[in-house]
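Accompanying notes for the structure given below.
Every chain is numbered from 1, with letters handed out A, B, ... down the list of sequences.
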Amino acid sequence: MTTKIIPALAGAALLLAPGLALAQGAPPPAWAQGRSPEMANSTLAPHAGRLTVTPPDQLPTAQLRVPEGFQVELWAHGLPGARVMVRGPNGTIFVGTRGIGRVYAVREEGGERRVSTFMQGLQQPSGLAIREGALYISAINRMLRVDNVEQNLSNPQPVDLTAAFNLPEAPHHGWTHIAFGPDGRLYLPRGVPCNICDTDGERYALIASFNPDGTDRRIEARGVRNSVGFDFHSRTGQLWFSNHGRDWAGNDNPSDTLHVNLRRGEHHGFPWCASGWQDPAVSGRLCSEFPPPALILGPHVAPIGTHFYTGTAFPERYRNALFIANRGSWNRERLAGYEVVVVREEEGGRLVQEPFLTGFRDDKNQRFRGRPAGVMTMPDGSLLVSDEQNGAIFRITYRR
Amino acid sequence: MRALTYLAAALLAAATPAWAGDATRGAALAEARNCAACHGANGISAVPLMPSLAGQQAEFLLVQIIMFREGLRPVPAMMEPARGLTDAEIEDLAAFYAALPSGPAATDPRNEALAARGAELSAARNCATCHRPDYSGQAQVPRINHQREDFLVHTLAEYRDNLRVGMDTQMNGVMHGMTNADIRAIAHYLAHR
């Protein structure tokens, strides 16, 4: 690994310059690298997740809000850490997690919806994808494939593709989203193992694609600090991805972003440029050298699920709209995010975002009631949204 | 002032537990599972390399016991005690140990030079940001004062060597590249506060 820490200040450069880093002991924790002087004494720290079952009466179901004509209901609960969701051809919903190391299966049996722990003991199994009846599971550097998964729910025998994919072992920002593209290849981002650093750009800060067996690795996008959500435009097939800006640069800078990858290997700016903001911690290249993001999402909102609505049950204006679940901020004094937004293309191609599912964030008391993470269209055109904090899944429907 | 208000609000948001275990039920469960044999009758361990649990952050305890149960933190001595615990039982156990008074600081002689080196290392790595200025911890971030020095040495080395991960990967990043001497200094400093 050829990671160098980028100092926030010229003064700190002496402490952290390559070669001196070891003499000084460890680098600061990944999230503290690049801390600005005004944030030196900040007490902001990542929020604790919840790994136990949240009883339904403690869920924020009644506080959730959707636009007029839509309804939101509790669809499943008792899945601590629920994050990404994918659907098998026979209707089983698989749900990935991070800290609790589980993959859940949700299925309908005799008119009843049942949640079970399908696999466990994995290190941050946050990436799930389905292809030809097989479930692919990405867990940091591990890649597993369970063939005929819905016929093997009680006794999965995964094929280990870890060696073939040869992913970096660094756990930090190594939790990932995966999905098959319209070209049949498996897309897999890999974030930077730090807050801000000059990394090996062939291994980190990128989105790669592979043949389903892990061969023929190709870099699709570069300069991507940490993308944990992406999808392919329903009409153009283009890769649209959200990206997390770095921490400790202030309450309002940089913003998290949405990007469209217009050509293979395109560089999107990390570590020099984020959301059109020239990072003062890094010199060498200018924002003007990189394509601007398609949309500024907001500071520290933490976009996770990034999903084109593929159903027809929602009104016309939501067809092919992009839903983004913003899991919500920690490195900001006022809470931001904690909602699902919808991004639509207006006439002339201008992108606009508007709140869609709200109520997780309690502005008055500066608390959060839940953290939306995954978004998925169901065959009936309803939309599922997972809540990682509460281990629950909500369903949104439209009725005129 | 405005910034201060925001800060206080953010702390509140981070510190509000989303659950509440029952310490009385937790005490009964700790008795039944014989936790005291290693962790001490009042949650203050007298056994080498066994951590004190008294006054530990409830959310930290909760996460660790779940990780034992799920096989994500493979400590042989904890496999059997954690087997089959329900979420509610784990919440109760966490509430019980969190409610016990922590401490005291280590009573063996304090090596001033070693403690000073430990204090310096702690300041350089911003340990107090998450663990709080008095090292009593917050939420999923553990209390690291009032802890056995040998256990702190053991744990910090485990994080450094990637033998242990937390609910996230922060501590592995913090400990990356630290020497054994650094670890001894930090542990001595923390144990003697």
Query - Euclidean distance, B:Leu72 CG relative to A:Leu51 CG, rounded to 0.5 Å - result: 9.0 Å
Query raised in the report: Which pair of non-hydrogen atoms, one from A:Gln124 and one from B:Met167, has the smallest distance, and what is that distance?
Result: NE2-O, 4.4 Å
Requested in this report: Check whether any side-chain heavy atom of A:Ile100 sits under 4.5 Å from a side-chain heavy atom of B:Ile66, and report yes or no.
Outcome: yes
Query raised in the report: Should we count CG of B:Asn42 as having more than 12 external heavy atoms under 6.0 Å?
Result: no
Requested in this report: Identify, with sequence neighbours excluded, every residue that meets ring-ring contact (aromatic ring centres under 6.0 Å, His included) alongside A:His177.
Outcome: A:Phe230
Query raised in the report: Rounded to the nearest 0.5 Å, how far does NE2 of A:His47 lie from CD of B:Glu59?
Result: 11.5 Å
Query raised in the report: Are the side chain of B:Gln140 and the backbone of A:Pro46 linked by a donor-acceptor contact shorter than 3.5 Å?
Result: yes
Query - B:Glu31 atom CD, neighbour heavy-atom count above 12 within 6.0 Å - result: no
Query - Side chain, backbone, both or neither of A:Arg369 within contact of chain B (heavy atoms, under 4.5 Å) - result: neither
Report task. Would you indicate whether the side-chain heavy atoms of A:Thr52 and B:Leu62 approach each other to under 4.5 Å? Result -> yes
Query raised in the report: Atom CH2 in A:Trp248, atom CG in B:Asn126: separation rounded to 0.5 Å?
Result: 8.0 Å
Report task. Output the distance between atom CZ (B:Arg69) and atom CD (A:Gln120), rounded to the nearest 0.5 Å. Result -> 8.5 Å
